[in-house]
Protein chains: 4
Amino acid sequence: MAAAGSRRVPRAERERQMLDAAVATFARRGYRAASMDGIAEAAGVSKPLVYLYLNSKDELFSACIRREAAALTAAVRDAVQDGATPEVQLRSGLLGFFEHTAAHPDGWTILYSQARTVGEPFAAEVAALRAEIVDFVAALIAAACGSQEVAGYAHALVGAAESLAGWAASSPSADRSPKDLAATLMTLAWSGLATAVPPAPAS
Amino acid sequence: MAAAGSRRVPRAERERQMLDAAVATFARRGYRAASMDGIAEAAGVSKPLVYLYLNSKDELFSACIRREAAALTAAVRDAVQDGATPEVQLRSGLLGFFEHTAAHPDGWTILYSQARTVGEPFAAEVAALRAEIVDFVAALIAAACGSQEVAGYAHALVGAAESLAGWAASSPSADRSPKDLAATLMTLAWSGLATAVPPAPAS
Amino acid sequence: MAAAGSRRVPRAERERQMLDAAVATFARRGYRAASMDGIAEAAGVSKPLVYLYLNSKDELFSACIRREAAALTAAVRDAVQDGATPEVQLRSGLLGFFEHTAAHPDGWTILYSQARTVGEPFAAEVAALRAEIVDFVAALIAAACGSQEVAGYAHALVGAAESLAGWAASSPSADRSPKDLAATLMTLAWSGLATAVPPAPAS
Amino acid sequence: MAAAGSRRVPRAERERQMLDAAVATFARRGYRAASMDGIAEAAGVSKPLVYLYLNSKDELFSACIRREAAALTAAVRDAVQDGATPEVQLRSGLLGFFEHTAAHPDGWTILYSQARTVGEPFAAEVAALRAEIVDFVAALIAAACGSQEVAGYAHALVGAAESLAGWAASSPSADRSPKDLAATLMTLAWSGLATAVPPAPAS
DNA sequence: TATGAATGAGCTTTCATTCAT
DNA sequence: CATGAATGAAAGCTCATTCAT
């Protein structure tokens, strides 16, 4: 598991190696059960070096969360087609989400499962990220349907997406490609919402 | 905090006290961060007694999971009206789910957040419970719509329900009563599914 | 070194054993260089037991200081003859001091050498003890001589006593008994060298 | 805090910077608590350079002790007026001692407090220095009084001087100038309290 | 002359777990 | 039925020290 650690690596790269190892370890064992010894070994360095660069277990975990959160939001943001209709934006955003979580399962595990259970500093960080996503989805729904009572639908949609991402990760198969997942969720949601929240007055 | 532990309590009662304390502690601190000292103190008994009755931290946590899982499934099962249409069954099942999770937030936290992150023996236990629920939902969808491609929809629905339960727990307000949550989800899902998966021709 | 630790000792006695071992270890190695492992071994118990009873290295050291300070002040207080003249009180107090420091060199080392160098919580504790003694001596001098400018003399006397105690401890010999030390210091202080050691005849 | 470390400083100058930083750090934190990192940073150089010049923490501390001890003995020696009477020599030596310790409190702390508590190599070094001073004082007393039983008085005098130096350092005020301290101690020692502070009524 | 990169060893502290009563 | 006394093992963190440049 330990990377064939070539000696004398510049700091930036070493830090990346350490974060990679930490994300993998935290994802597999959880925050508390993961040991700094284990992370250092997985990174192919000695423990003091991890402390020299990342300061503490808390800060290391926080750095992992921030990196993975930034990567996930960037992936979704990049996937969304800016000028498109809300429906297309939501579909492409979901596609980006499913593609990123499939490509980075450890990062997704940290954000979705681990960070929420550790306690305040981290749970709040991740809750804020999730709230941002929920708000984004809510805005898309509101734009499409002209209703204000969309918070519940947004929360439901986000939860459904999380569940599907976990499903695909737990037992990957051909018909659970990101594209399929996005299609399933769009079908379920968009047609449901169309009936549920009838378009504004004009109709 | 410690329950007014009167001496000489019969075993069944003591075990219930311990499980109550353990569920609360595990929910608030997580499996690893919860200490047997803390649980014993919260239960109002000495630590060796916890070991005498529950044998180990692992078994104690497992007992918590089994008790809370049984309570949750019983609540849902009792809520479902047996002879009704799939739609009514699903709606009443969701109502039971939301009512139980709102009434037992610690139990829900253990099942949904903590048990999944601890590692193998427990994650599998909870995954089995969840799979059962997903299958139940899938069966209802299939019964209603006559399609076989329902696994994705079932996973999405369950995830949406989990998300709504967490939403209600995190910031309770008037318009997030179990009944409202169930209505929101039924609206989103059932109308969506109606369009997505057209009813079998015969019906 | 480890006491032949009979198993299952009541808490009060174990705590005394631990404090004995800690005082000896702190005196010989200093606060920082002393390890909790070493102290536990010297006490004939395992390290967790030391933490269970004394909580932390800081609190352990603090408990040592308090015990030794109390013992020293009690020894001096008991030695002083209450109704006597200031001179007799000072002489008997010094005798008590020299006897106690000679009988408990480790305690004296902790108070005089170690506690002052560790840093604020402890240095202040010991400084307060010393100030008390200085004030007591100052009061005796003032009572005997009717002067107010006695603080300097009191500090000098206390420092002289500390030095003599260290001298006796570092190289004990027959003519450095507590009684001799007290006599030397009383002579110096009460009569001055000029009187005590009459100048050589020729001069 | 870090000296404005201009590059390419000659070795002697750099070593002085390092010793200055080390003396200050050792005085404030103690030998064990002071870290080589902290000393290097305080000196404005990198840690390897400290090792290149001073070899190890032990040697660095030893160099500090030797420098400060040499400075103190030089200050006292220079203050003593060579041809004068023992009494004048002692008074001027004390004046030099109090002036030097007041001017170099960190150096004094290292010699008086820290070096004695660290353990053998250093304690012995400082003990030798102190023995030298005690012998010098003893010789003066013997020369003045013609007695051989002066070791106790010399130890008492040195301890009194140390105490007064610490008193002046801990709470400096107008009437604790080096000159005042020397006067107080000379009065006490040379005439004794009885003579120095004549009883109130009779006078 | 001077430093960024790196580590072996040791420290304090905590925890699950077990006897003896 | 119930507990005070006790510990092996491991975790987070720090430090003196070195090497390659």
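Within every chain, numbering begins at 1; the chains are lettered A, B, ... in the order of the sequence lines, protein sequences first and strands thereafter.
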Pair assignment for F:dT21, Watson-Crick or G-U wobble, requiring both distances under 3.5 Å
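By the stated definition (distances under 3.5 Å), E:dA2 pairs with F:dT21.
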Any strand counts, and the cut-off is 3.5 Å on both contacts for Watson-Crick or G-U wobble. Which nucleotide pairs with E:dC15?
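WC or wobble partner is F:dG8.
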For C:Arg11, report the nucleic acid contact type (base, sugar-phosphate, nothing); a contact means any heavy atom under 4.0 Å.
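Sugar-phosphate, no base atom in range.
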For A:Ala34, answer base if it contacts any base atom (sugar-phosphate contacts may also be present), sugar-phosphate if it contacts only those atoms, and nothing otherwise; contact means non-hydrogen atoms under 4.0 Å.
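Sugar-phosphate contact only - A:Ala34 comes under 4.0 Å of backbone atoms but never of a base.
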Nucleotide E:dC15, atom C1' - distance to CD of B:Glu41 in whole Å
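For the pair B:Glu41 CD and E:dC15 C1', the rounded distance is 15 Å.
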Whole angstrom value for the distance that separates P of F:dT7 from CG of C:Asp37:
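Spelled out: CG on C:Asp37 to P on F:dT7 is 13 Å.
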Per the atom types in the model, does the base of F:dT17 pair as donor or acceptor with the side chain of D:Lys47 at under 3.5 Å?
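Side chain to base: pair found, below 3.5 Å.
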May I ask you to verify whether the side chain of C:Lys57 and the base of E:dT13 hold a donor-acceptor pair under 3.5 Å?
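Donor-acceptor pair under 3.5 Å: no.
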So, is B:Tyr53 close to the F:dC1 phosphate, meaning a side-chain N or O under 4.0 Å from OP1 or OP2?
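Indeed, a polar side-chain atom of B:Tyr53 lies that close.
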Is A:Arg14 close enough to E:dA6 that one of its side-chain N or O atoms is under 4.0 Å from OP1 or OP2 there?
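Yes, because at least one side-chain N or O of A:Arg14 sits under 4.0 Å from OP1 or OP2 of E:dA6.
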Which of these nucleotides, F:dT3, F:dT7, E:dT3, is closest to any side-chain atom of B:Ser46?
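Nearest listed nucleotide: F:dT3.
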So which nucleotide from E:dA2, F:dG4, E:dC15 ends up closest to the side chain of C:Arg8?
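Comparing E:dA2, F:dG4, E:dC15 against the side chain of C:Arg8, the answer is F:dG4.
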Side-chain ([X]) to main-chain ([Y]) donor-acceptor, under 3.5 angstrom:
{"X": "A:Ser113", "Y": "A:Ile110", "result": "no"}
{"X": "D:Thr25", "Y": "D:Ala21", "result": "yes"}
{"X": "A:Lys57", "Y": "A:Ala34", "result": "yes"}

With DNA chain E as reference, determine whether A:Arg32 or A:Ala12 sits nearer its 5' end, using the nearest nucleotide of each.
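It is A:Ala12 whose nearest nucleotide is closer to the 5' end.
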